[in-house]
Q: 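The structure follows.
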Amino acid sequence: MFSKLLRAIIMGPPGSGKGTISGRIVHDFGMKHLSSGDLLRIQIMNSTAAGLEAKKFIDQGALVPDEVMVQLILNELREITNHSWLLDGFPRTVPQAEALSDKLDIDVVMNLDVPFETIKQRLTARWVHPGSGRVYNLDWNPPQIPGKDDVTGEQLIQRDDDKPETVTARLRNYENQTKPLLEFYSAAGKLVSFHGTESNIIYPKVKDFLATKIPPVTDDQSQSV
Ligand code: G5P
Ligand code: MG
């Protein structure tokens, strides 16, 4: 029934729960998760030339130029040869989607359709573990020990681009530059949208959908993912 590896995209506005839902997908289906934002933040942490350049855009809530992103992501995808994968945060513009489809066939695009009002409240309470991309929220899923990652015990940080004025710019850019992608993937017959305000209600629907495309991992396998 499941004959091939799955190539999936998860998209949605900033703060819609892409990272949160991706973490659950990785756990349940063993897919490789590739988050463009996490990749950029690792480059920034390591003070690479690309990271320093990208930081100027990220801190203003602007998008990093298409050619930088396309190169970064295609390089990473080239390394994942025998795993199903889940792209989070890429593509984010129509030219990025076109560059991706020139190289690879995408099987499915899952869109998290979460209202902007719900999102704004979430981001100011977000803390992340920069090494893994694990994401917490002080109101909703706080870490077991305040300020520390549950798995490694390392320090959590707040993202510079979660300041209220930057969040507003990110949402505006989503509306202008990323939302047109919904039409792009809908026209290609790839788009599935999940509407809601709570990840705990959205995720079971995502899980049921993915289970028609890829086998879930067993408990034994999930420990080694
Ligand atoms: P990112 O890193 O891709 P965004 O803006 O797309 O950033 P973000 O902010 O990472 O998306 P998310 O992953 O959709 O959000 O959401 P999340 O982190 O899982 O959840 C948000 C918060 O809500 C968390 O605290 C979580 O715990 C909480 N939460 C989740 N579900 C619930 C719930 O049901 N209830 C409650 N109360 N809370 C919940 O990109 C960052 C920047 O990098 C650049 C851009 O500058 C971008 O702004 N960039 C690119 N530029 C150009 N092209 C690309 N392809 C780029 N990719 C990244
Ligand atoms: Mg994210």
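Along the sequence shown, the residues carry numbers beginning at 1. In listed order, ligands and their atoms are each counted from 1. Fair warning: this is a prediction, and the values are worked out from it, not measured in the lab.
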Q: Run the contact test for R41 against ligand 1 with a 4.0 Å cut-off on heavy atoms, strictly below, and give the result.
A: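 It does; at least one heavy atom falls under 4.0 Å.
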Q: Using every non-hydrogen atom in the two residues, find where I25 and V206 come nearest and quote the distance to one decimal.
A: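 Here I25 and V206 meet closest at CD1-CG1, 3.9 Å.
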Q: For T20, is at least one N or O under 3.5 Å away from an N or O on ligand 1?
A: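 Yes.
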Q: Judging by distance only, is a nitrogen or oxygen of N141 under 3.5 angstrom from one on ligand 1?
A: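 Yes, there is a polar N/O contact under 3.5 Å.
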Q: Return the closest protein heavy atom for atom 5 (O) of ligand 1 as residue, atom name and distance.
A: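 Protein heavy atom with the smallest distance to atom 5 (O) of ligand 1: R170 NH2, 2.6 Å.
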Q: For atom 18 (O) of ligand 1, which of K18, R159, R126 has the closest heavy atom?
A: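 Closest candidate by heavy-atom distance is R126.
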Q: Is there a polar contact between ligand 1 and L63, counting only N or O atoms under 3.5 Å apart?
A: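 So ligand 1 has no N or O lying under 3.5 Å from an N or O of L63.
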Q: Same cluster or not: L104 versus Y185, using hydrophobic residues (I, L, V, M, F, W, Y) connected whenever any side-chain heavy atoms lie under 4.5 Å apart?
A: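 Both belong to a single hydrophobic cluster.
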Q: If you take all heavy atoms of S36 and I73, which pair is closest and at what distance?
A: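 Closest approach of S36 to I73: CB-CD1, 3.9 Å.
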Q: Where does D66 meet ligand 1, judged by heavy-atom distances below 4.0 Å: at the side chain, the backbone, both, or neither?
A: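 Answer for D66: neither.
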Q: Would you mind finding which of T197, V64, N137 brings a heavy atom closest to atom 28 (C) of ligand 1?
A: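 The option holding the nearest heavy atom is N137.
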Q: Report whether L138 and L156 are members of the same hydrophobic cluster (ILVMFWY, side-chain heavy atoms less than 4.5 Å apart, transitive linking).
A: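 Yes, L138 connects to L156 through the hydrophobic network.
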Q: Should G15 be listed as contacting ligand 1, given a heavy-atom distance under 4.0 Å as the test?
A: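 Yes, G15 has a heavy atom closer than 4.0 Å to ligand 1.
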Q: Applying salt bridge (Lys or Arg N to Asp or Glu O under 4.0 Å) to R170 and D161, what does each step give before you reach the verdict?
A: CA-CA 9 Å; R170 285 162 61 198; D161 60 346; 3.8 Å; yes
Q: Under the 3.5 angstrom rule, does the side chain of D88 hit a backbone N or O of H33 as a donor-acceptor pair?
A: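 Not a single qualifying donor-acceptor pair exists.
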Q: Are I58 and Y174 co-members of a hydrophobic cluster defined by side-chain heavy atoms under 4.5 Å apart?
A: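 Yes: a chain of side-chain contacts under 4.5 Å links Y174 to I58.
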Q: Does a side-chain heavy-atom distance below 4.5 Å link L181 with M11?
A: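 Yes, side chains in contact.
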Q: May I ask you to check whether F90 has an N/O atom sitting below 3.5 Å from an N/O atom of ligand 1?
A: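 Checking ligand 1 against F90, no N or O pair falls under 3.5 Å apart.
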Q: Heavy atoms only: give me the nearest P13-V114 pair and the separation to one decimal.
A: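 Scanning both residues, the minimum pair turns out to be CG-O, 4.0 Å.
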Q: Pull out every atom of ligand 1 sitting under 4.0 Å from any heavy atom of G19, numbered as shown with elements.
A: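 Matching atoms, with element in brackets: 12 (P), 13 (O), 19 (O).
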Q: Quick check on G12 - does any of its heavy atoms sit under 4.0 Å from an atom of ligand 1?
A: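 G12: no contact with ligand 1 (<4.0 Å).
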Q: Salt bridge or not between D105 and K190? Use side-chain N to carboxylate O under 4.0 Å.
A: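 Here D105 does not pair with K190 in a salt bridge, since their nearest N and O are not under 4.0 Å apart.
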Q: Pairs of nitrogen or oxygen atoms closer than 3.5 Å, one from G89 and one from ligand 1: do any exist?
A: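 G89 vs ligand 1: N/O contact under 3.5 Å present.
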Q: Can S16 be said to touch ligand 1, with heavy atoms closer than 4.0 Å?
A: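 Contact present.
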Q: Have T93 and D66 got a donor and an acceptor in their side chains that come within less than 3.5 Å?
A: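 Looking only at side-chain atoms, D66 and T93 do form a donor-acceptor pair, the distance falling under 3.5 Å.
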Q: Does any N or O of ligand 1 fall below 3.5 Å from an N or O anywhere on Y136, backbone included?
A: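 Among all N and O atoms of Y136, at least one is under 3.5 Å from an N or O of ligand 1.
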Q: To which of K55, E198, R92, M11 does the heavy atom nearest atom 6 (O) of ligand 1 belong?
A: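 Among K55, E198, R92, M11, the closest heavy atom to atom 6 (O) of ligand 1 belongs to R92.
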Q: Check whether any N or O atom of G17, backbone or side chain, sits under 3.5 Å from an N or O atom of ligand 1, and answer yes or no.
A: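 Between G17 and ligand 1, an N or O pair is found under 3.5 Å apart.
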Q: Closest non-hydrogen protein atom to atom 57 (N) of ligand 1, residue and atom name please, with distance?
A: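 Scanning the protein heavy atoms, the shortest distance from atom 57 (N) of ligand 1 goes to S36 OG, 2.7 Å.
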Q: So, regarding S199 and ligand 1 (criterion: nitrogen or oxygen to nitrogen or oxygen, under 3.5 Å), is there a contact or not?
A: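 It does: an N or O of S199 is found under 3.5 Å from an N or O of ligand 1.
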Q: Give me the residue, atom name and distance of the protein heavy atom closest to atom 23 (O) of ligand 1.
A: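 Answer for atom 23 (O) of ligand 1: R122 CD, 3.2 Å.
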Q: Tell me whether ligand 1 is touched by D139 - counting only heavy atoms on the residue side and a distance under 4.0 Å.
A: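 Contact absent.
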Q: Strictly by modelled atom types, are N75 and R78 linked by a side-chain donor-acceptor pair under 3.5 Å?
A: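 Short answer, yes.
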Q: Which of the numbered atoms in ligand 1 are under 4.0 angstrom from any heavy atom belonging to Q96?
A: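 Reading through ligand 1 atom by atom, the close ones are 52 (C), 53 (N), 54 (C), 55 (N).
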Q: With heavy atoms of A62 as the reference, note each atom of ligand 1 found under 4.0 Å away.
A: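 Ligand 1 atoms under the 4.0 Å threshold to A62: 45 (C), 46 (O).
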Q: If you take all heavy atoms of D28 and Y203, which pair is closest and at what distance?
A: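 Reported closest heavy-atom pair: OD2-OH, 2.7 Å.
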Q: In terms of residue, atom name and distance, what is the protein heavy atom nearest to atom 49 (N) of ligand 1?
A: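 Going by distance alone, atom 49 (N) of ligand 1 is nearest to L40 CD1, 3.5 Å.
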Q: Where the side chain of K120 meets the backbone of V167, is there a donor-acceptor pair that is under 3.5 Å apart?
A: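 Pair absent, no side-chain N/O of K120 close to backbone of V167.
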Q: Quick one: look up the protein heavy atom nearest atom 36 (C) of ligand 1 and list residue, atom name and how far away it is.
A: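 The closest heavy atom on the protein side is W140 CG, 3.3 Å.
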Q: Does a salt bridge link K205 with D208, judged by any charged N lying under 4.0 Å from a carboxylate O?
A: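 No.
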